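Model, not experiment: these values are computed from the prediction. Below, each value reflects all heavy atoms present in this structure, side chains not excepted, and no hydrogens, waters or symmetry copies. Order of the sequence lines fixes the chain letters, A, B, ..., with proteins taken first and strands second; residue numbering starts at 1 for each chain.
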2 protein chains.
Amino acid sequence: VRGKLILDVSVSLDGYSAGPDDDVERLHDWLYGLTAWRQRHDRTGGQSNRDAELVEEAWQSTGAIVMGRRTFDSGEEPWGDDPPFRVPCFVLTHRTRAALRKGETTFTFVTDGIESALEQARAAASDKHVGVMGANAAQQYLRAGLLDEIQLHIVPVLLGGGIRLFDQLGDEPIELERTGVIDSPRVTHLRFRVAK
Amino acid sequence: VRGKLILDVSVSLDGYSAGPDDDVERLHDWLYGLTAWRQRHDRTGGQSNRDAELVEEAWQSTGAIVMGRRTFDSGEEPWGDDPPFRVPCFVLTHRTRAALRKGETTFTFVTDGIESALEQARAAASDKHVGVMGANAAQQYLRAGLLDEIQLHIVPVLLGGGIRLFDQLGDEPIELERTGVIDSPRVTHLRFRVAK
């Protein structure tokens, strides 16, 4: 079984995956109270609801992650010594750099392109899925026809600025199939399969 | 009872309310087969499903429409001699122009601003709601804090270009409350109240 490449991301109703100055507080605040999120950040308590189940399912089914360099750079400090991913991560970059281990998470820097990073991530994930993090990386995989699924957590806010999740995709429409809708009070979860 | 100002619009997953060259075919194709849409366009037959009910409800509850000049200009020809609105329409413009009647629809050109257009539309709508058409007009009413509700019909496609529905909103976040989700095979209907 080849693992799927999945984009799983919170987004404002106006399409930003981060606000001005890379701020994601408003977009992620539905996560902070959840048991699943708190356990990964070594905190106790929290709510066990449908949102938490969804987050837990995503983490359990993800065996590796590919991310853009900007995502890594802006995350490295806040993630601290024990990043919550706990799977092999592959960072798309142009500069060679030795691999890093932080807690249970490893970061491998890949300079020979998105296909190579995906191939390495798939090998590391064995039969689990590969997650993609960062708007720019997601766009590259979408344009290349390599993204399999999109799981959006739509947050009911218009941010007015920031990083647009779906941008620079080219003029050719990309058809999707909506495969799931889960409604919860603070966020709407929509899942899509990318038509190939 | 003061009617609400409601934005009811189809949008691609990447946030375009029209594709390149103002093309809305792909975004509206979920509508063309519905009884509700066909009746308004003097055609028979079609499907009576949840989508059709939603469209019918929206038309029945709308007593007047405000729209941008670009929306009017690009619509005037395709709408023909009997536009489907059949309520008083108020067009935001900078140029004075005599009112038009086409079939059961009237168009009044308003040159003294969005508040004036809304006031005239509310008076014409009596206890029904006022609809807003066009991305630019919607943005103006949102920025001014005058929009009450947003009904999005999210079409599972990434268009990659066109007219962005939510753009130029300024840097101040606008909080929404998600009040309804209706899932149907070809389109996902999400409804929001704008927090004031």
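No more than 12 heavy-atom neighbours from other residues, nucleotides or ligands sit within 6.0 angstrom of NZ on A:K4. Applying the 6.0 Å contact sphere to CG of B:D112 captures more than 12 heavy atoms from other residues, nucleotides or ligands.
Residue B:S184 touches chain A through its backbone alone, counting heavy-atom pairs closer than 4.5 Å. Residue B:L165 does not touch chain A at all, counting heavy-atom pairs closer than 4.5 Å. Looking at A:R164, only its side chain comes within 4.5 Å of chain B, counting heavy atoms on both sides. Looking at B:Q168, there are no atoms closer than 4.5 Å to chain A (heavy atoms on both sides), in backbone or side chain.
The backbone N or O of B:V155 sits nowhere less than 3.5 Å from a side-chain atom of B:R26 that would complete a donor-acceptor pair. For the pair B:N49 (side chain) and B:D51 (backbone), a donor-acceptor distance under 3.5 Å is present.
Interface remark: of the candidates B:V157, B:L169, B:V11, B:V157 forms the most heavy-atom pairs closer than 4.5 Å to chain A. The candidate from A:I154, A:D167, A:D183, A:L159 with the greatest count of non-hydrogen atom pairs under 4.5 Å with chain B is A:D183. Each of B:L142, B:L152, B:L13, B:V181 has some count of heavy-atom pairs under 4.5 Å with chain A, and the biggest count is that of B:L13. Ranking B:G161, B:G170, B:G19 against chain A, the residue ahead of the rest is B:G170, based on heavy-atom pairs under 4.5 Å.
Taking a cutoff of 4.0 Å between a charged side-chain nitrogen and a carboxylate oxygen, B:K196 and B:D148 qualify as a salt bridge.
With A:E76 as reference, A:R97 is the one residue of A:R69, A:R70, A:R97 to meet the salt bridge (Lys or Arg N to Asp or Glu O under 4.0 Å) rule.
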